[in-house]
Amino acid sequence: MKDFLNRYIPRKDRPALLFLILAGTLSHFLYELTGSPFIALFCPVNESVWEHLKLLFFPYLAYSLWHFVRIRRKPYPPAYFYFRLMGVLCGTLAIVMLFYTYTGISGRTVLALDILIFIIGAFLSLQTVSFFTKRASSIPSSTVTYLMWLGITLCFFMFTCFPPDIPLFLE
């Protein structure tokens with residue numbers, strides 16, 4: 001296990017991974033505990049795959065904002081939020097693909113696999129940021145990046161209130 005950590009999870013990413021796992025796990029139960037319509041915007045309100053993507057997206061956004069404020073005085077790449085956007089998109093896409101692949105093959109859901117898929121999504125999000133940080137040659141403007149973050153956030157809000165009648169949004 002220690003070799004896996006040292007090889008695949010850089011020391012600098014371990015606090016982020018731990019935060020994502022803990023915050024995502026907590027947010028899974030937060031709406032049920034509070035019943036708050038405001039909390040419903042950020043935490044799953046049902047057992048649909050779409051709602052469970054909030055477990056990664058919003059903790060990832062919160063961590064990215066906190067980390068940005070923390071390093072603001074230090075040099076940072078202008079692509080900071082773009083790389084993080086690519087990370088969270090890869091992580092959430094991995095969750096969707098892995099979930100539908102294993103449930104399509106097995107015909108059922110397994111809680112342990114669902115949890116493992118969430119952890120893999122968080123891990124892939126951080127790995128994607130590292131990949132883009134080292135290799136990206138061009139990035140969209142900051143305005144486009146911020147509008148993409150805002151658009152995805154608004155989609156989560158809108159589809160929580162008005163979910164389409166397709167499998168991704170059904171329990």
Side-chain angles (χ1 to χ4, degrees), residues 9-10 12-13 15-28 30-31 36-46 48-101 114 117-170:
I9 305 173
K12 68 177 181 56
D13 287 342
L17 184 60
L18 183 62
F19 175 81
L20 293 174
I21 292 168
L22 293 176
T25 301
L26 174 64
S27 70
H28 188 276
L30 204 53
Y31 174 71
S36 165
F38 178 74
I39 296 295
L41 296 174
F42 301 96
C43 299
V45 298
N46 62 40
S48 71
V49 175
W50 174 261
E51 288 293 315
H52 278 75
L53 296 179
K54 292 178 183 180
L55 299 177
L56 179 60
F57 184 83
F58 288 110
Y60 195 90
L61 176 58
Y63 185 86
S64 296
L65 291 169
W66 173 82
H67 186 255
F68 177 78
V69 168
R70 191 173 144 250
I71 66 165
R72 195 167 191 176
R73 292 186 193 94
K74 300 175 186 173
Y76 62 92
Y80 179 87
F81 285 106
Y82 175 71
F83 295 155
R84 282 173 174 65
L85 178 64
M86 293 300 101
V88 78
L89 289 177
C90 285
T92 54
L93 183 60
I95 290 170
V96 171
M97 290 186 333
L98 292 170
F99 177 80
Y100 281 117
T101 299
D114 293 345
I117 287 172
F118 166 69
I119 293 169
I120 290 170
F123 171 76
L124 288 176
S125 293
L126 297 171
Q127 291 299 308
T128 302
V129 171
S130 294
F131 175 84
F132 274 98
T133 301
K134 295 173 187 169
R135 293 173 184 86
S137 59
S138 65
I139 58 165
S141 72
S142 295
T143 303
V144 169
T145 299
Y146 298 142
L147 287 174
M148 290 169 62
W149 272 106
L150 180 63
I152 295 166
T153 301
L154 291 175
C155 283
F156 273 112
F157 293 170
M158 183 177 70
F159 293 142
T160 292
C161 298
F162 308 103
D165 191 22
I166 58 175
L168 181 67
F169 300 90
L170 302 176

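Just so you know, residue 1 is the first one in the sequence shown, and it goes up from there. Keep in mind the model is a prediction, meaning the values are calculated, not measured.
Of all the heavy atoms in L168 and Y100, the pair that sits closest is CA-OH, 3.3 Å. Minimum heavy-atom separation, A40 to T160: O-CG2, 3.5 Å. Across V45 and E51, no two heavy atoms sit closer than the pair N-OE1, 3.1 Å. Heavy-atom minimum distance, K54 versus C43: NZ-O, 3.3 Å. Nearest heavy-atom pair across V49 and V96 is CG1-CG2, 4.1 Å.
The CD1 atom of I119 sits 12.0 Å away from atom CG of L124, with the distance rounded to the nearest 0.5 Å. Here the CG-SG distance, from L126 to C90, works out to 11.5 Å after rounding to the nearest 0.5 Å. Taken from OG in S48 to CD1 in I166, the straight-line distance is 10.5 Å, to the nearest 0.5 Å. With values rounded to the nearest 0.5 angstrom, T133 atom OG1 is found 10.5 Å from F131 atom CZ. Between atom CZ of residue F81 and atom CZ of residue F68 there is a gap of 5.0 Å, rounded to the nearest 0.5 Å. Between atom NE2 of residue H28 and atom CG of residue L55 there is a gap of 6.0 Å, rounded to the nearest 0.5 Å.
For residues 128-149, no residue pair satisfies the salt bridge (charged side-chain N to carboxylate O under 4.0 Å, His left out) rule, not counting sequence neighbours.
Between H52 and D114, the closest side-chain pair of non-hydrogen atoms is not below 4.5 Å. Looking at L150 and L154, their side chains come closer than 4.5 Å, going by heavy atoms from C-beta outward. Proximity of I152 to L89: side-chain heavy atoms (C-beta onward) are separated by under 4.5 Å at one or more points. Y82 places none of its side-chain heavy atoms less than 4.5 Å from the side chain of V144. Within the 4.5 Å cutoff, no side-chain heavy atoms of F42 are placed close to those of L30. Here the side chains of I139 and T145 are not in contact, with every heavy-atom distance at 4.5 Å or above.
Listed for the W50 side chain is no donor-acceptor partner under 3.5 Å among the backbone atoms of F159. One N or O on the side chain of S125 and one on the backbone of G87 form a donor-acceptor pair closer than 3.5 Å.
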For residues 60-67, please give each side-chain donor-acceptor pair under 3.5 Å, one per line with the distance, not counting sequence neighbours.
residue	atom	partner	partner atom	Å
S64	OG	Y60	O	2.9
H67	ND1	Y80	OH	2.9

For residues 16-27, dump all side-chain donor-acceptor pairs below 3.5 Å to protein atoms at least two apart in sequence or in another chain.
residue	atom	partner	partner atom	Å
T25	OG1	I21	O	2.7
S27	OG	A23	O	3.2
S27	OG	G24	O	3.0

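Under the 30°/60° scheme for interplanar angles, the aromatic rings of F58 and F157 are found to lie parallel.
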